[in-house]
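Read the structure below first, then the notes.
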Amino acid sequence: MMIDLPIRSIAKKLRSKEMSSVELIEECYERIEKVEPSIHAFITLVDKKDALSRAKAVDSRISSTGSPLAGIPYVMKDAYLTRDVRTTAASKILDTFIPPYSATVHQRLHDAGAILIGKTNMDSWGHGASTENTDYGPTKNPWDTNRSAGGSGGGPAAAVSSRFCSFGIGEDTGGSIRNPAAWNNITAMKVTYGRVSRYGAIAYASSLDTMGPTAKTAADCALVLETIAGHDPYDATSSTRAVEPYSKEMTQSIKGRKIAFPTEFYGEALDSEIREAIREAREVFVSLGAIVEDVSLPLLEYGVPVYYILAPSETSSNLSRYDGIRYGGSRALFTRESKRRIMTGTYALSSGYYEAYYKKAQKVRTVFIQEYQKLLSSYDAILSPVTPMMPTEFGELLDDPMKNMMADLYTGIVNIVGTPSLSLPCGFGKGNLPIGMQLIGSMFSEGSLFTLGHAYQSKTDWHTHLPSIVKS
Amino acid sequence: MIIKSLSISRALHFRYNDPMKGSLTTSDIHHISKLANLPVTDEQIKELTEQVGITVQYVSKLQTLSTKGVVETSQVTGQENVFRKDEIDPSRIFTQEEALSNAKRTHDGFFVVDQVLEEK
């Protein structure tokens, strides 16, 4: 199918009129009609007629100098405001909310000619690692529909994995783009904090929230990031630093590049199949000329405690704006998980506890930043697992708050430090369940991570495997 | 941001636990739910007492790490004092209709809110 091709190839064919965006959109909706009932990736599917009429318009003005994303179908996690398209954050509180403006990321993709085909499922407000804490029914993993698609952005990941679209836009506060990418056998970039505008994205935890792409490959993610990254006057935390031509530079050799392998990351807490798969990936990097060295990064066990103070505190503050007056419904509608996080955060910020929790966590955050900076000053990337466990069965994380927190073990730290991380498929475990790994770099090293990821994907074919539900 | 207790008398009734311990009581949860303006049922109070308690206990692990002399990080951009011109951007102004379009209760072009002051 056309949608299986890399974005670059599709763009070429659209320009040479070998195929049209209309045909591409038709193909996506056909597949959605067939597969979506077993997956439930969408909360709101854009009306096919509307998507087609936009595709027709794009087809008529497609040019060789325009954006390679022109005419390309994509989905957004339902955490982005999309003017005139319902936006819920997967919460009944926003069940009928129609945004009067668009997030910068959506606006930039729209201006590039990309075609939004739907708003996808998530743990409501980003609270979760399994897309079970949604008010719209969980998203099923295309690789095993009895299992979770990960979270919080299970919807966009399942949509890309099922090839409903070419790419998805996620939001990563503690792993919400990377964890579902790992569990769905797709690629995702969690960007440096401030690399992509947060304007119009529904806030979870403001000092940790990042906006980024998820797609089939590192090359596709790079093309999308080139379009959405860059300074935005509407977000004061967005960086004024120029955006690098990631896709041009990513074809370089990785010979001599240095990768750190923190031995503490591969201990008892990690599933043995994931450990084995990443050890094999390490050998692939070595075969490509990279230098991989064992290092020590002993702070790992403090990452989850810092994350579970900062994120709930900031979310309790952010969500206090939902008073049901200007928009939205009653606060009674928050899910159990959101209530847990709001209560934990309120407690951590309350008089008498602030110093012991929030302020303490902010200090440990500084320690983390220093440790990572030190390590990343002598290495191009850290090779890390994405999740400590394989895709969970439904209910597994819901019923166990500790296990639920542990799902963020390897991902939350990266948001605390603020650096980018590329999540890549690196194998399969029992039952043909996907395994992912992440490459964590220093601030604004997205380009270097794409190069490492692209080299890995040029040598391996894990990312080309499709779930059987799509093949049949 | 420090959320102040609702009132001094309530603060006196609120049994402050030792943060090092982190276990919570149902009355703590009642109090926090008021601070958070979060309606919770009796059943949820029970569940939250246990689950928030577990979380708080777990995150208290941080107390074992020395951070003497460490300055806290509140943001990682390295940017300071980001200003913009104090100008109106007409492209970002909602019409009254747009501003009210998602409100559940409106009246004569205004948002309707619950009464907060009582008549004498």
Side-chain angles (χ1 to χ4, degrees), chain A residues 96-101 193-194 207 233-234 236-237 239 301-302 304-306 308-309 312 316-317 320 323-332 334 336 339-340 342-354 356-357 359-367 369 401-402 405 417-418 443, chain B residues 1-5 11 14 16-17 19-20 24 28-29 31-33 35-41 44 47-48 50-52 54-56 58-65 67 70-79 82-84 92 94-95 98-105 111-114:
Chain A
T96 56
F97 179 64
I98 309 289
Y101 70 101
Y193 184 86
S207 82
Y234 297 165
T237 63
S239 173
E301 60 178 309
Y302 295 101
V304 172
V306 172
Y308 272 94
I309 292 173
S316 75
S317 170
S320 66
D323 53 14
I325 293 171
R326 289 162 303 149
Y327 48 83
S330 162
R331 293 176 70 77
F334 280 118
R336 288 161 74 207
K339 283 184 174 162
R340 269 205 290 269
I342 292 170
M343 295 288 280
T344 306
T346 304
Y347 176 77
L349 291 176
S350 67
S351 179
Y353 293 88
Y354 175 78
Y357 291 104
K359 205 167 175 186
K360 178 76 180 180
Q362 287 187 309
K363 286 182 180 175
V364 181
R365 185 174 194 180
T366 306
V367 177
I369 291 169
M402 270 310 289
M405 286 194 277
V417 178
M443 295 295 270
Chain B
M1 179 189 61
I2 299 175
I3 295 173
K4 295 269 183 247
S5 298
F14 181 37
Y16 277 132
N17 282 306
M20 302 291 279
L24 299 174
D28 293 338
I29 294 295
H31 174 71
I32 303 165
S33 73
L35 289 178
N37 184 23
L38 204 59
V40 280
T41 62
Q44 286 171 334
E47 185 183 286
L48 285 164
E50 192 196 313
Q51 297 186 336
V52 175
I54 291 173
T55 309
V56 168
Y58 179 68
V59 300
S60 295
K61 189 184 181 133
L62 285 190
Q63 313 300 339
T64 63
L65 200 66
T67 48
V70 177
V71 179
E72 56 268 38
T73 297
S74 55
Q75 54 105 342
V76 295
T77 64
Q79 301 188 73
V82 178
F83 294 116
R84 62 166 173 82
R92 292 176 78 200
F94 290 153
T95 60
E98 282 171 332
L100 293 168
S101 62
N102 282 289
K104 295 257 188 306
R105 292 184 294 164
F111 295 111
V112 175
V113 298
D114 289 333

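Every chain is numbered from 1 and lettered A, B, ... according to where its sequence line falls, protein lines coming before strand lines.
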Query raised in the report: So, does B:Glu72 use its side chain to make a donor-acceptor pair with the main chain of A:Thr366 at under 3.5 Å?
Result: no
Query raised in the report: Looking at B:Arg105, B:Arg84, B:Gln75, B:Gln44, which has the largest count of heavy-atom pairs under 4.5 Å with chain A?
Result: B:Gln44
Report summary line: In this structure, CG of B:Asn37 is separated from CG of A:Asp323 (nearest 0.5 Å) by 8.5 Å
Query - Spacing of A:Leu349 atom CG and B:Ile32 atom CD1 [to the nearest 0.5 Å] - result: 11.0 Å
**Report entry** Heavy-atom pair with the smallest gap, counting every atom of A:Ser207 and B:Ser74
**Finding:** CB-O, 3.5 Å
Requested in this report: Using the test side-chain contact (heavy atoms from CB on, under 4.5 Å), find all partners of B:Leu38 that sit at least two apart in sequence or belong to another chain.
Outcome: A:Arg331, A:Phe334, A:Lys339, A:Ile342, A:Met343, B:Ala36
**Report entry** When A:Gly328, A:Ser330, A:Pro312 are compared by non-hydrogen pairs under 4.5 Å with chain B, the top option
**Finding:** A:Gly328
Report task. Could you pull out all residues at least two apart from A:Tyr234 that satisfy ring pair (Phe, Tyr, Trp, His ring centres under 6.0 Å)? Result -> A:Tyr199
Query - Nearest non-hydrogen partners of A:Tyr302 and B:Lys61, listed with the distance - result: CE2-O, 3.9 Å
**Report entry** Toward chain B, the part of A:Ala361 with a non-hydrogen atom under 4.5 Å
**Finding:** both
Requested in this report: Could you tell me the separation between the CD1 atom of A:Ile309 and the OH atom of B:Tyr58, rounded to the nearest 0.5 Å?
Outcome: 10.5 Å
Report task. Please determine, by modelled atom types, if B:Ser101 and A:Tyr327 share a side-chain donor-acceptor pair under 3.5 angstrom. Result -> no
Report task. Could you walk me through whether B:Asp28 and A:Tyr347 pass side chain to side chain contact (heavy atoms under 4.5 Å, CB included), step by step? Result -> CA-CA 9 Å; B:Asp28 293 338; A:Tyr347 176 77; 5.6 Å; no
Query raised in the report: What's the verdict on side chain to side chain contact (heavy atoms under 4.5 Å, CB included) for B:Thr55 and A:Met402, showing C-alpha distance, side-chain angles and the deciding distance?
Result: CA-CA 8 Å; B:Thr55 309; A:Met402 270 310 289; over 6 Å; no
Query raised in the report: Non-hydrogen atoms of chain B under 4.5 Å away: do they reach the side chain of A:Thr237, the backbone, both or neither?
Result: both
Query raised in the report: Considering only heavy atoms, which portion of B:Leu62 lies under 4.5 Å from any heavy atom of chain A: side chain, backbone, both, or neither?
Result: both
Query raised in the report: Where on A:Val306 is there a heavy atom nearer than 4.5 Å to chain B: the side chain, the backbone, both, or neither?
Result: both
Query - Worked check of side chain to side chain contact (heavy atoms under 4.5 Å, CB included) between A:Ser350 and B:Leu35 - result: CA-CA 8 Å; A:Ser350 67; B:Leu35 289 178; 4.0 Å; yes
Query - Check: A:Ile98 main-chain N/O paired with B:Asn102 side-chain donor or acceptor under 3.5 Å - result: yes
Report summary line: Correct closest heavy-atom pair for A:Ala236 and B:Gln79 would be O-NE2, 3.9 Å
Query raised in the report: What option among A:Tyr308, A:Phe97, A:Tyr193, A:Tyr101 has the most heavy-atom pairs under 4.5 Å with chain B?
Result: A:Phe97
Query - Contact winner vs chain A - B:Thr77, B:Val70, B:Val71, heavy-atom pairs under 4.5 Å - result: B:Val70
Query - Qualifying residue, where the test is side chain to side chain donor-acceptor pair (under 3.5 Å) with B:Thr67 and the options are A:Lys360, A:Lys359, A:Lys363 - result: A:Lys360
Query raised in the report: Is it the backbone or the side chain of A:Pro233 that comes under 4.5 Å from a heavy atom of chain B, or both, or neither?
Result: neither
Query raised in the report: Can B:Lys104 and A:Thr96 be said to form a side chain to side chain contact (heavy atoms under 4.5 Å, CB included), step by step?
Result: CA-CA 10 Å; B:Lys104 295 257 188 306; A:Thr96 56; 3.9 Å; yes
